[in-house]
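See structure below.
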Amino acid sequence: MQRYVITRIGHSIVLLVFVSILTFVLIHAAPGGPAILLAPEMSGEQIKQAERSLGLDQPLPIQYLRWLGNVARGRLGQSYGAGLPVLGLIVDRLPATLELVATGLLLSVVVGVLVGVVSAVHRYSVVDHFTTGVAFFGMSVPVFWLGIMLIIVFSTSLHLLPSAGAYSLGAPASVGDRLAHLALPAVVLATANLAQIARYTRSSMLEVLNAEFLRTARAKGASARTVIYHHALRNALIPIVTVVALAIPRLVGGVAITESVFAWPGMGQLAVDSALQRDYPMIMGVTLVVSMVVVLTNFLTDLSYLILDPRVELG
Amino acid sequence: MSGDRRTSAQTRGALSRRALLRLVPGAAVGAAGVLRPATPAASAASAAPRRGGTFKIPVTANVTPWPPIGLIQNLMVNKSLFNGLVRYSPVDWTPQPDLAETWEISKDGLTWTFHLRKGVVWHDGRPFTAADVKFSLDLYADPKVNSILQGNLEPVAGVEAVNPTTVKVVTKQPYSSFIELLCYLTFMMPKHLLVGQEFSRTKFPDSFIRHPVGTGPFKFGEHIVGDHFTVVANERYHEGRPYLDSVIYKVVRDLNSTVVQVKTGELDIAFPTVAQLPALESASNLYIIERGLMDYRFLGPNHTDPKLGKWFRDKRVRQALAYAINAKGIIGQVAKGRADRSNGPLPPALKAWYVKGAPIFEYDPEKAKRMLGEVGFKAGPDGVLAKDGEKFSFAFFSDQGQPEREQTSLIVQQNLKDIGIDAQFQTLEFNNFMQRERVTKEFSAVCFYYVTPATPDLHSYWQTGGSTNEWSYSNPEVDRMFRDGLGIFDPEKRREHYRKLYTLLAEEQPVVYIYHPHELQAVSKKVRGWARTDYRDALLYLNQVWVEG
């Protein structure tokens with residue numbers, strides 16, 4: 001076990017370095033320079049001077065190694081735009097993103113599994129056809145479009161929910177206010193995954209429902225509910241856990257669009273902003289942290305197999 | 001200019017949004033150089049300003065309250081935190097007292113003396129003095145700080161704090177536009193908090209940007225990076241405590257979102273484009289206001305382009321391009337009539353300096369063709385004009401995600417095609433566009449815009465080697481006239497001088513001047529006292545804004 005963990009950490013570091021090189025090359029290959037250098041009042045000489053002071057006149061490999069050296073010493077640098085340490089900005093934003101991702105994930109798993117079980121048990125019923133239809137819609141609809149539609153319906157037309165932000169500005173904070181702001185982005189974020197989880201649960205359940213051990217369970221007198229949720233679902237979970245685990249990186253990545261549509265003050269928005277403004281230290285920092293979250297969740301997923309299915313061994 | 005008189009109890013119900021919208025474009029250009037909203041003015045006096053409340057304004061990007069770096073989202077906030085020595089009038093952009101009560105110019109035109117307002121204190125309670133003025137002007141002029149105002153302060157030879165309330169500024173040569181440019185973003189900074197620190201355009205003073213201190217009507221409140229920046233009423237403001245308790249600058253990246261949020265009341269103001277107006281028509285909680293502003297839209301050819309520069313340097317070719325482009329059609333189709341035809345960089349809204357009689361090249365494709373024929377262009381078998389075996393063919397750029405510029409560019413492309421010029425329009429992502437236009441100069445032409453300070457001294461755009469002369473335009477006569485203008489202080493003579501200069505520029509068409517857009521503001525009906533000018537300058541008068549309970 002110990003050996004396994006150490007190997008995994010080693011792999012993760014190599015992976016992170018690789019991701020950072022790729023990101024670094026890509027952002028510098030993108031046309032245009034940092035927005036901070038582009039104020040219309042600046043002369044060409046002023047722009048060059050600012051570039052020198054940021055070290056942008058150095059060759060790219062040197063710039064990268066300098067960045068890597070700083071990271072090794074725990075420094076992610078200063079954001080060009082905000083002028084504040086990158087790490088602090090990310091730490092400020094991370095909780096909001098995790099809150100949104102966790103809510104979205106919870107919503108998609110609970111509703112998705114439930115819908116999947118119901119459509120598996122009542123296969124080819126009206127309920128099954130309906131949920132299948134909704135699932136396909138959920139998987140195919142673009143996130144930004146769904147977001148805008150929900151804003152039009154629930155915010156501008158019905159005035160039920162706020163259209164943006166994480167809380168009402170200038171009003172005292174309350175749980176109700178927070179949930180109202182969380183509702184639409186969480187639903188949007190959950191939709192695509194929810195649909196997928198529902199489909200996987202359905203097919204996984206269908207396989208298990210025909211298994212012999214379920215007949216045994218029924219034969220020994222277990223109730224329908226126990227059979228489905230205790231015996232069948234538990235065995236159907238492994239593929240579902242994999243799907244959920246695969247969904248996490250996508251949620252963390254996909255949250256950028258949702259956060260932009262709903263002006264949710266999280267990391268995704270920070271990433272989009274810094275990419276548009278060519279805030280190099282910020283992009284590198286955000287990518288690094290997001291990659292770490294993904295690597296970590298993958299690792300935890302592998303560990304969770306051990307708990308769910310004692311037959312799985314790590315090697 | 002004490003308050004905005006848009007609202008009145010009886011008209012609010014009587015005039016529908018639609019009626020207002022119909023009326024606004026028809027309204028005459030008022031003395032302020034702005035289009036007046038169509039609500040009766042008289043009755044608002046009945047409402048007494050109310051103290052309290054919050055005003056929520058959108059900004060499109062993260063805010064960094066560090067004046068030397070400029071950028072729109074920052075300066076919007078800076079205007080509530082800081083004061084300048086002088087500021088633009090909300091009526092006609094003439095320089096008005098701010099921290100300087102009066103000023104005079106020496107006979108030789110080289111020394112400006114500013115008499116400062118007494119009893120002004122910084123947000124931390126320390127008195128504001130002449131030493132702060134010297135410190136601030138020196139800071140902005142310092143090449144090491146690399147500020148956006150360095151060019152404006154370049155002619156300044158030295159600043160002297162004569163006594164706590166008197167400042168002398170000596171210039172190397174006469175500099176008649178100095179006072180107008182001082183109105184432009186030259187915020188006074190506290191010496192006692194910044195002296196001895198190392199900072200520049202790329203390195204900000206950490207503690208100061210975390211807690212900026214100014215003399216302005218609002219003090220720093222809270223900054224959640226990327227979400228909002230809050231300023232709160234300065235109880236000790238020298239013009240009296242502002243009516244509002246706080247102003248929240250909310251970061252909303254997407255323009256469509258600002259429109260939604262001003263409709264739902266999550267924002268109190270938004271700045272929509274003409275294309276977004278239909279979405280606002282049904283909103284009974286908003287006024288739609290139209291203002292003139294210092295903004296010109298143009299097609300700018302690169303006079304040093306390796307292939308086309310030799311043609312673009314020929315005035316006749318540029319004039320032919322001007323005849324070929326249907327500016328009126330663009331104003332009608334793209335700006336939906338909410339714009340003025342342009343004869344140069346100065347809009348009609350800048351009444352004091354706009355040159356009425358300057359040449360305008362009205363759409364005349366036949367004439368354009370004839371003129372190019374006289375220069376020696378002949379249509380080839382494919383219909384494209386060519387000279388000495390070289391085709392008149394080039395790509396021109398605009399910045400992505402700006403429907404107005406994209407539509408303008410498509411019309412320009414078609415107009416040019418009609419006279420046999422093969423111009424291909426391409427959008428570039430904003431930073432890429434700016435890099436090419438400003439730094440590498442890899443462009444043949446751009447369809448773009450500039451927002452300028454309210455002064456006729458726009459030498460940096462048109463003088464040879466000017467910092468914003470992206471087109472590398474060069475004309476010794478224009479250079480000389482901009483230089484001479486700085487030595488003329490008498491208002492009448494100055495007007496006459498710039499009238500000649502802008503007539504020459506209109507004739508020259510260094511770029512093809514197309515139109516001056518009007519700014520649209522969607523303002524909550526709860527808001528009163530919002531100055532009747534473009535929003536950048538209205539923000540200088542935020543202390544007069546109040547909201548209904």
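What's counted below: heavy atoms across the whole structure, side chains too, no hydrogens, waters or symmetry copies. Each chain gets a letter, A, B and so on, in the order its sequence line appears, and its residues count up from 1.
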Does any backbone or side-chain atom of [X] lie under 4.5 Å from a heavy atom of chain A? Answer side chain, backbone, both or neither.
{"X": "B:Ser147", "answer": "backbone"}
{"X": "B:Asn146", "answer": "both"}
{"X": "B:Val439", "answer": "side chain"}
{"X": "B:Ser257", "answer": "side chain"}
{"X": "B:Arg436", "answer": "neither"}
{"X": "B:Ile72", "answer": "neither"}
{"X": "B:Tyr184", "answer": "side chain"}

Please check if the number of heavy atoms outside A:Met149 that lie under 6.0 Å from its CE is greater than 12.
yes
Is B:Phe220 atom CZ crowded by more than 12 heavy atoms from other residues, nucleotides or ligands, each under 6.0 Å away?
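For B:Phe220, atom CZ is crowded (more than 12 foreign heavy atoms under 6.0 Å).
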Partners meeting side-chain contact (heavy atoms from CB on, under 4.5 Å) with [X] (sequence neighbours left out):
{"X": "A:Leu94", "answer": "A:Leu98, A:Met267, A:Val289"}
{"X": "A:Ser20", "answer": "A:Tyr64, A:Trp67, A:Met284"}
{"X": "B:Pro278", "answer": "B:Glu281"}

Heavy atoms only, distances under 4.5 angstrom: which of B:Lys144, B:Lys203, B:Glu437, B:Glu429 has the most pairs with chain A? Name it, please.
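Of the options given, most contacts go to B:Glu429.
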Do you know which of B:Glu222, B:Arg253, B:Lys263 has the most heavy-atom pairs under 4.5 Å to chain A?
B:Arg253
Please examine the side chains of B:Leu194 and B:Pro205, heavy atoms only from C-beta on, and report whether any two atoms are closer than 4.5 Å.
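Result yes, sub-4.5 Å side-chain heavy-atom pair found.
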State, yes or no, whether a side-chain contact exists between B:Leu280 and B:Val262 at a heavy-atom distance under 4.5 Å.
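In short, these two side chains touch, coming nearer than 4.5 Å.
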Residue among [options] with most heavy-atom pairs under 4.5 Å to chain B:
{"options": "A:Arg93, A:Lys48, A:Gln78", "answer": "A:Arg93"}
{"options": "A:Val261, A:Ile151, A:Leu84", "answer": "A:Leu84"}
{"options": "A:Ala30, A:Ala263, A:Ser53, A:Ala82", "answer": "A:Ala82"}
{"options": "A:Asp92, A:Val272, A:Thr156", "answer": "A:Thr156"}

According to the interplanar angle, ranging from 0 to 90°, do the rings of B:Trp66 and B:Phe204 count as parallel (below 30°), tilted (30 to 60°) or perpendicular (above 60°)?
tilted
Kindly compute the distance separating [atom1] ([X]) from [atom2] ([Y]), expressed to the nearest 0.5 Å.
{"X": "A:Leu100", "Y": "A:Trp264", "atom1": "CG", "atom2": "CH2", "result": "5.5 Å"}
{"X": "B:Asp457", "Y": "B:Leu181", "atom1": "CG", "atom2": "CG", "result": "6.0 Å"}
{"X": "A:Ile21", "Y": "A:Leu68", "atom1": "CD1", "atom2": "CG", "result": "7.5 Å"}
{"X": "B:His223", "Y": "B:Asn62", "atom1": "NE2", "atom2": "CG", "result": "6.5 Å"}

Close approach to chain B in residues 273-282 of chain A, criterion heavy atom under 4.5 Å
A:Asp273, A:Leu276, A:Gln277, A:Arg278
